[in-house]
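So the structure is just underneath, and the comments pick up after that.
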Amino acid sequence: MAEKITTRNADYSQWYIDLVRSAKLADYSDVRGCMVIRPNGYAIWEKMQTALDRMFKETGHVNAYFPLFIPESFIAKEAEHIEGFAPECAVVTHGGGEELAEKLYVRPTSETIIWSSYKKWIQSYRDLPILINQWANVVRWEMRTRLFLRTTEFLWQEGHTAHATPEESQEEVVRMINVYKTFAENYMAMPVIIGKKTDSEKFAGAVDTWCIEAMMQDTKALQAGTSHNLGQNFAKAFDCQFQTKDGKLDYVWATSWGVSTRLIGALIMAHSDDRGLVLPPKLATRQVVIIPILKGDKAAVCEKAHAISRTLSDNGIPSFVDDSEQNSPGWKFAEYELQGIPLRIELGPRDIQNGTCIVARRDTLEKTELALDDTLSVTISEILNAIQQNLFDRALEFRNEHTFEVTSYSEFREMVEKGFVIAHWDGTAETEAKIKEETKATIRVLPEEPDYIMRYAMHEAGTCIYSGKPAQQKAVFAKAY
RNA sequence: CGGGGCGUGGCGCAGUUGGUAGCGUGCCUGCUUUGGGAGCAGGAGGUCCCGAGUUCGAGUCUCGGUGCCCCGACCA
């Protein structure tokens with residue numbers, strides 16, 4: 001019978017796991033904490049890669065590849081970096097049957113191995129900037145894992161850039177976080193807030209960490225991408241200096257930025273429902289499924305279904321026909337809803353007689369009757385655009401409805417259970433830590449968005465919600481993944 | 001690393017006071033079906049996580065091990 005998934009209301013966490021597994025996105029592997037990304041899941045990642053890679057190229061970046069193994073001494077060169085990452089690294093001690101003279105870390109991120117190369121490549125300001133990205137896997141030995149959201153090994157891209165001036169590197173950091181925002185909103189249909197992390201939440205070794213923060217359907221926050229201003233920290237650690245135009249020596253200015261397969265988890269939790277995955281059309285390898293109702297003149301129905309599919313594909317709408325007789329139409333409806341195919345066309349003898357077909361939207365589950373004429377492709381294309389837009393609108397409305405400004409700590413404690421809370425913060429790590437300890441909510445982001453997007457005056461001075469001390473700005477607090 | 005749970009056909013589970021393993025689903029064959037997870041008939045499929053012990057006899061009891069999942073601390 002049916003593959004039932006837990007409802008979101010019953011158990012959000014179990015719903016997520018059920019969905020990932022029954023939509024065949026990923027599976028547990030025989031290695032603890034590691035997952036198998038199945039074809040349905042990998043197809044989403046490939047769509048993400050294609051779109052992001054194009055955006056990276058358009059902003060002047062090129063791809064390269066650096067080693068998986070990093071000598072222990074490299075990791076150790078930047079003090080904060082090793083402190084942050086050493087505890088969660090896998091370390092290779094043996095190779096070729098012998099103990100290694102120097103241990104090799106399986107990369108948790110590649111700043112150090114890349115900067116050891118950059119040092120060799122950079123002598124003069126003429127060698128700058130370097131704008132390299134790499135698509136790779138990384139390993140972080142997590143204590144507790146969740147499919148896509150946090151696994152021991154995951155796939156990502158990491159951009160690593162080198163610049164002659166702090167202004168240039170700052171510009172790069174902001175440019176790339178905006179690329180991520182554009183991707184999240186235009187492709188994933190997931191609204192995000194750009195801003196900075198507090199010192200306690202930033203990347204180990206960074207001067208500043210910028211992020212995009214999204215809200216999931218359970219109102220928890222999820223960090224979907226980061227862009228780090230590394231200042232001269234790594235250049236100094238690797239003694240990477242260059243000669244400036246006026247003949248002086250200076251350390252190189254750096255950035256790094258990345259998004260990972262975690263985005264797939266974000267996508268799921270942003271849009272999907274109790275029937276399964278809901279995919280924005282722009283990330284769907286297959287946008288339309290055509291299900292012929294095989295009765296009466298089966299051959300004629302089948303032939304028409306394939307003809308429609310060809311027409312759609314010719315018009316740039318990837319579609320396919322499921323004309324197998326193994327499963328009933330009802331089974332197919334449920335199965336492709338589970339898999340998140342954005343649009344379904346039902347076609348039976350009755351429709352063919354009437355010159356119509358039934359079109360069902362995955363996002364709203366609405367069914368409408370469309371004429372089978374040469375306007376079909378255009379209409380379908382319009383509906384797909386409408387789905388893309390509706391998913392974004394719906395998610396943004398949800399976030400707005402679950403974002404609250406508060407002026408007292410008691411109010412804070414109440415509202416932080418219901419979504420994002422905007423409140424004045426005195427800027428100290430002590431206050432941040434206390435609030436986390438008492439409420440489990442953290443500062444997700446210090447927004448760098450215009451107030452009309454935030455819908456609140458973020459930069460007006462006031463009084464800290466917790467300490468009562470003067471506060472220069474407001475922060476977004478939430479419980480997070 | 002602490003707390004909890006679970007290891008039994010592919011998947012989900014049941015298995016009583018210990019007596020030689022069953023149900024649902026899936027799979028295979030055939031026929032009938034097909035507009036929201038079809039019906040009937042027949043069939044294949046199991047080192048009951050591993051090891052030791054108790055016993056005439058262990059899926060079941062005892063001890064030890066091991067794996068995974070969930071919750072928390074840590075993290076993208």
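Chain letters run A, B, ... following the sequence lines, proteins first and then strands; every chain starts at 1.
- In this structure, Gln326(A) atom CD and C27(B) atom C1' are separated by 12 Å, rounded to whole Å.
- Here, U32(B) and G18(B) have their C1' atoms 47 Å apart, quoted to the whole Å.
- Listed candidates were A73(B), G37(B), U34(B). Nearest to the side chain of Glu325(A) is U34(B).
- Residue Gln223(A) has its side chain nearest to A76(B) when only G37(B), U34(B), A76(B) are considered.
- For U47(B) and U62(B), the P atoms lie 26 Å apart once the distance is rounded to whole Å.
- Looking at heavy-atom distances under 4.0 Å, Ile17(A) makes contact with sugar-phosphate atoms alone, never a base.
- By the 4.5 Å heavy-atom criterion applied to side chains, Leu230(A) and Ser169(A) are not counted as neighbours.
- Within the 4.0 angstrom heavy-atom criterion, only backbone atoms of the sugar-phosphate kind lie near Ser13(A); the bases stay farther away.
- Taking atom P on both G53(B) and G59(B), the two are 15 Å apart, rounded to the nearest angstrom.
- Base contact: Glu346(A) has a heavy atom under 4.0 Å from a base atom.
- In this structure, Pro108(A) reaches neither bases nor backbone, as no heavy-atom distance under 4.0 Å exists between it and the strands shown.
- Evaluation of atom-type donor-acceptor distances gives a pair under 3.5 Å for the side chain of Lys367(A) against the base of G36(B).
- Rounded to an integer number of Å, the gap from OH of Tyr336(A) to C1' of G37(B) is 13 Å.
- Within the 4.5 Å cutoff, no side-chain heavy atoms of Tyr481(A) are placed close to those of Gln223(A).
- The CD atom of Glu335(A) sits 12 Å away from the P atom of G26(B) (whole-angstrom rounding).
- Counting atom types as modelled, Arg275(A) pairs no side-chain N or O with a base atom of G37(B) as donor and acceptor under 3.5 Å.
- Comparing G12(B) with G7(B), their P atoms sit 11 Å apart, to the nearest whole Å.
- U25(B) and G10(B) make up a base pair, with Watson-Crick or G-U wobble contacts both under 3.5 Å.
- Within the shown strands, nothing qualifies as a pairing partner of C74(B) under the Watson-Crick or G-U definition with both distances less than 3.5 Å.
- Contact of Asp351(A) with G35(B) (side chain to base): a donor-acceptor pair of N or O atoms is detected under 3.5 Å.
- Between C70(B) and Tyr28(A), a contact under 4.0 Å exists linking OP1 or OP2 to a side-chain N or O.
- Taking the C1' atom of each, G15(B) and A21(B) are spaced 8 Å apart, rounded to whole Å.
- Atom pair Leu294(A):CG and U32(B):P shows a separation of 15 Å (rounding to whole Å applied).
- Cation-pi check for Arg344(A) over Phe333(A) is met; the charged atom lies under 6.0 angstrom from the ring centroid and within 45 degrees of its normal.
- Base contact: Glu337(A) has a heavy atom under 4.0 Å from a base atom.
- Spacing between G37(B) and U33(B) at atom C1', rounded to whole Å, works out to 15 Å.
- Not one N or O on the side chain of His402(A) forms a donor-acceptor pair closer than 3.5 Å with the backbone of Asp218(A).
- With hydrogens and angles ignored, the 3.5 Å screen pairs a side-chain donor or acceptor of Trp15(A) with a backbone N or O of Asp273(A).
- If you take atom P in G64(B) and the same atom in G46(B), they sit 33 Å apart, rounded to whole Å.
- Electrostatic pairing of Glu430(A) and Lys434(A) does not count as a salt bridge here, judged by no charged N lying under 4.0 Å from a carboxylate O.
- The partner of A38(B) is U32(B), by the rule that a Watson-Crick or G-U pair needs both atom distances under 3.5 Å.
- Proximity note for Lys298(A) (side chain, C-beta onward) versus G36(B), U34(B), G37(B): the nearest is U34(B).
- The interatomic distance linking Lys479(A) (NZ) with A73(B) (P) rounds to 10 Å, in whole Å.
- Taking atom P in both C49(B) and G9(B), one finds a spacing of 8 Å when rounded to whole Å.
- For Arg21(A) and G10(B), the CZ to P distance is 15 Å, given to the nearest whole Å.
- Nucleotide A38(B) holds its P atom 8 Å from the CG atom of Asn327(A), rounded to whole Å.
- Of all nucleotides present, none satisfies the Watson-Crick or G-U wobble test against G18(B) with each distance under 3.5 Å.
- Base engagement by Leu149(A) is indicated by at least one non-hydrogen atom pair under 4.0 Å involving a base atom.
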Exercise for the section: Go through Glu185(A) and Lys282(A) one step at a time and tell me if the salt bridge (charged side-chain N to carboxylate O under 4.0 Å, His left out) criterion holds. Expected result: CA-CA 11 Å; Glu185(A) 300 196 335; Lys282(A) 283 191 187 174; over 6 Å; no
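- Note: CG (Leu147(A)) to C1' (C70(B)) measures 13 Å, nearest angstrom.
- Screening Lys202(A), Gln170(A), Glu172(A) for a side-chain hydrogen bond (donor to acceptor under 3.5 Å, both in side chains) involving Asn229(A) leaves a single residue, Gln170(A).
- If you check every strand for non-hydrogen atoms under 4.0 Å, Thr151(A) touches a base.
- Between Phe154(A) and Arg350(A), the residue anchored nearer the 5' end of RNA chain B, judged by the nucleotide with its closest heavy atom, is Arg350(A).
- Residue Leu338(A) places its side chain closer to G37(B) than to any other of A73(B), U34(B), G37(B).
- Side-chain N/O atoms of Ser328(A) include none lying less than 4.0 angstrom from OP1 or OP2 on U34(B).
- In a base pair of the Watson-Crick type (N1 to N3 plus N6-O4 or O6-N4) or a G-U wobble (N1-O2 and O6-N3), with each distance short of 3.5 Å, G64(B) is matched with C50(B).
- Nearest to the side chain of Arg140(A), among A73(B), A76(B), G36(B), sits A76(B).
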